[in-house]
Each structure stands twice: as structure tokens, then as C-alpha cells.
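This chain uses plain numbering: 1 for the first residue, then up along the sequence.
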Amino acid sequence: CDVILRKAEATLGSLELTAREHMAKSAQALGKAMAPQSLGLDVITARSRAGIPYNLSCSEPPAPSPKYVIHELGISGVLANLWAKIPMSVLPDGVAFALSVVSLGSSELEIDGAKIDLPSQSFFGSNRQDPFEGSLALLSTCISQRYGPLAGNSWRSIINNSNALFGGLFSRQMWDPRRRHVSNPRRVPVQDILNAEPRRVLRPPS
């Protein structure tokens with residue numbers, strides 16, 4: 001089953017981001033859902049099929065994975081302040097190990113008001129680029145590869161406003177941490193939005 005999008009735009013603008021443990025776990029679950037299943041058979045299944053004719057061991061072909069076709073994708077510029085307090089245990093194993101070493105054994109990653117500044121980008125539809133065809137995991141890889149070279153200042157701000165390097169001993173996070181002042185906090189009713197029924201849009205006659 002293919003999902004075809006002629007044009008998609010993501011508008012983010014200026015915002016405040018707060019990352020906690022439950023959000024990291026949700027992102028981890030989303031990453032697993034987006035990543036395709038591993039190819040091939042596990043050792044137990046391969047051994048059980050050894051010596052059996054192939055046409056008997058595979059009664060039907062596997063179901064094809066969904067493919068996404070995107071003709072044009074645009075992402076607006078992002079200007080955000082990032083606040084986070086995430087246990088190392090919920091991060092990917094490689095990332096958690098590296099951070100635990102460079103942060104001198106910290107059990108949590110704390111970020112206090114790092115500035116994320118990313119320019120707007122256009123994908124696939126501009127400059128005569130071919131449409132994207134593939135999985136969501138491949139789409140995220142293409143987007144991250146584009147933003148990687150553009151995120152240098154953002155990474156420096158994260159390091160300077162967190163305990164990621166030497167436990168924050170030489171960073172602003174320890175000696176002059178940013179303070180957050182929220183005068184009128186609001187929560188977006190995400191669950192209500194997800195459960196809302198679609199509304200029919202009536203357009204005036206032309």
C-alpha cells in the first residue's frame with residue numbers, strides 16, 4: 001500500500017520545547033514503529049527450515065512494507081528554546097554510553113534553555129529533484145542529513161547549556177543557568193485533537 005503526498009508543509013516557527021522521560025519514551029516507540037523490520041530470518045527459524053524444500057517452508061510471500069511517495073516537502077524555519085531532563089536509561093544505548101562517559105557519570109541529561117535555530121528547507125520538489133520514495137525511516141534519514149551541517153550553532157548551545165560535557169562543570173548550565181519565566185502557561189489538548197472528528201469544509205461557489 002503506497003501513501004502518496006503531492007505537497008506537504010510543516011510550519012513550526014518560534015516555540016518552547018520541554019522534554020521529559022515520558023516524551024523520550026514516546027519518541028523511542030515512534031522510532032521503532034517508523035524503522036523497517038530487520039531483513040532475513042532469525043537463527044531459530046533458519047534452523048527449523050533447514051532441510052525443508054523452500055516451496056514448502058514459505059507457503060505465501062511476505063506482505064510488502066508500505067511505501068511513501070512525496071513529491072514536495074517544505075519545513076519552515078525553527079527558533080526554539082529547549083528544556084530537558086531525561087534519564088540516560090531511556091536514550092539509545094550508544095548515545096547513553098557516550099554521554100555517561102563525557103558527562104562524568106551523570107545519570108540524567110539536563111538542558112536549560114538551549115537555543116535551536118534552523119533555517120527553512122525544501123525537499124524533493126524544488127531544484128528539479130526527484131520525488132521521494134521509501135519508508136518513514138529513510139525519510140527521517142534524508143531530513144537529518146540535510147539539517148546535520150546546519151545545526152552546528154544549535155549543538156554548541158546545547159553543550160553550553162547542559163551537563164553533557166564534563167557534567168556541565170565548564171558550561172553556563174552550572175555557573176549561570178537560564179531561568180524560565182512562564183506567566184500564562186497553556187497546554188495543547190493533543191488527545192482531544194486526535195479524537196476529534198473531521199469537519200467538512202464548505203467553500204463558496206466560484
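- For the atom pair OH of Y68 and CD of E133, the computed distance is 14.0 Å after rounding to the nearest 0.5 Å.
- Between F132 and C142 the shortest heavy-atom distance is CE1-SG, 4.2 Å.
- In this structure, the side chains of V78 and L15 come closer than 4.5 Å at one or more pairs of heavy atoms.
- Shortest non-hydrogen contact noted between T11 and S76 is CA-OG, 3.2 Å.
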Under the side-chain contact (heavy atoms from CB on, under 4.5 Å) rule, what do L109 and L99 come out as? Steps first, then yes or no, please. CA-CA 8 Å; L109 173 63; L99 286 177; 4.2 Å; yes
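- The nearest pair of heavy atoms linking I111 to A114 is CG2-CB, 3.6 Å.
- Taking 4.5 Å as the limit, some side-chain heavy atom of Y147 sits within range of a side-chain heavy atom of I75.
- No side-chain donor-acceptor contact under 3.5 Å links D112 to the backbone of N161.
- Counting only heavy atoms from C-beta outward, the side chains of F123 and R146 approach each other to under 4.5 Å.
- Within the 3.5 Å criterion, the main-chain N or O of E108 finds no donor-acceptor partner in the side chain of S106.
- By the rule that hydrophobic residues join a cluster once side-chain heavy atoms approach within less than 4.5 Å of another member, I159 and V101 end up as members of separate clusters.
- In this structure the side chain of M88 reaches within 4.5 angstrom of the side chain of S103, judged on heavy atoms.
- Remark: N153 pairs with R156 by the side chain to side chain donor-acceptor pair (under 3.5 Å) rule, at least two apart or across chains.
- Partner of I116 under the side chain to side chain contact (heavy atoms under 4.5 Å, CB included) criterion, chosen from N81, I158, L79: I158.
- Panel note: side chain S157, backbone K115; a donor-acceptor pair is recorded below 3.5 Å.
- Between A137 and S140 the shortest heavy-atom distance is O-OG, 2.7 Å.
- Judged by distance alone, with hydrogens and angles left aside, the side-chain atoms of S154 form a donor-acceptor pair with the main-chain N or O of D117 at under 3.5 Å.
- Between R6 and E72 there is no salt bridge, since none of the side-chain N atoms of the basic residue sits less than 4.0 Å from a carboxylate O of the acidic one.
- Under the 4.5 Å side-chain criterion, counting only non-hydrogen atoms from C-beta, L139 is in contact with I70.
- Here NZ of K85 is found 13.0 Å from OG1 of T18. Values are rounded to the nearest 0.5 Å.
- Using a distance-only test at 3.5 Å, with no hydrogens or angles considered, no donor-acceptor pair links the side chain of S122 to the main chain of G74.
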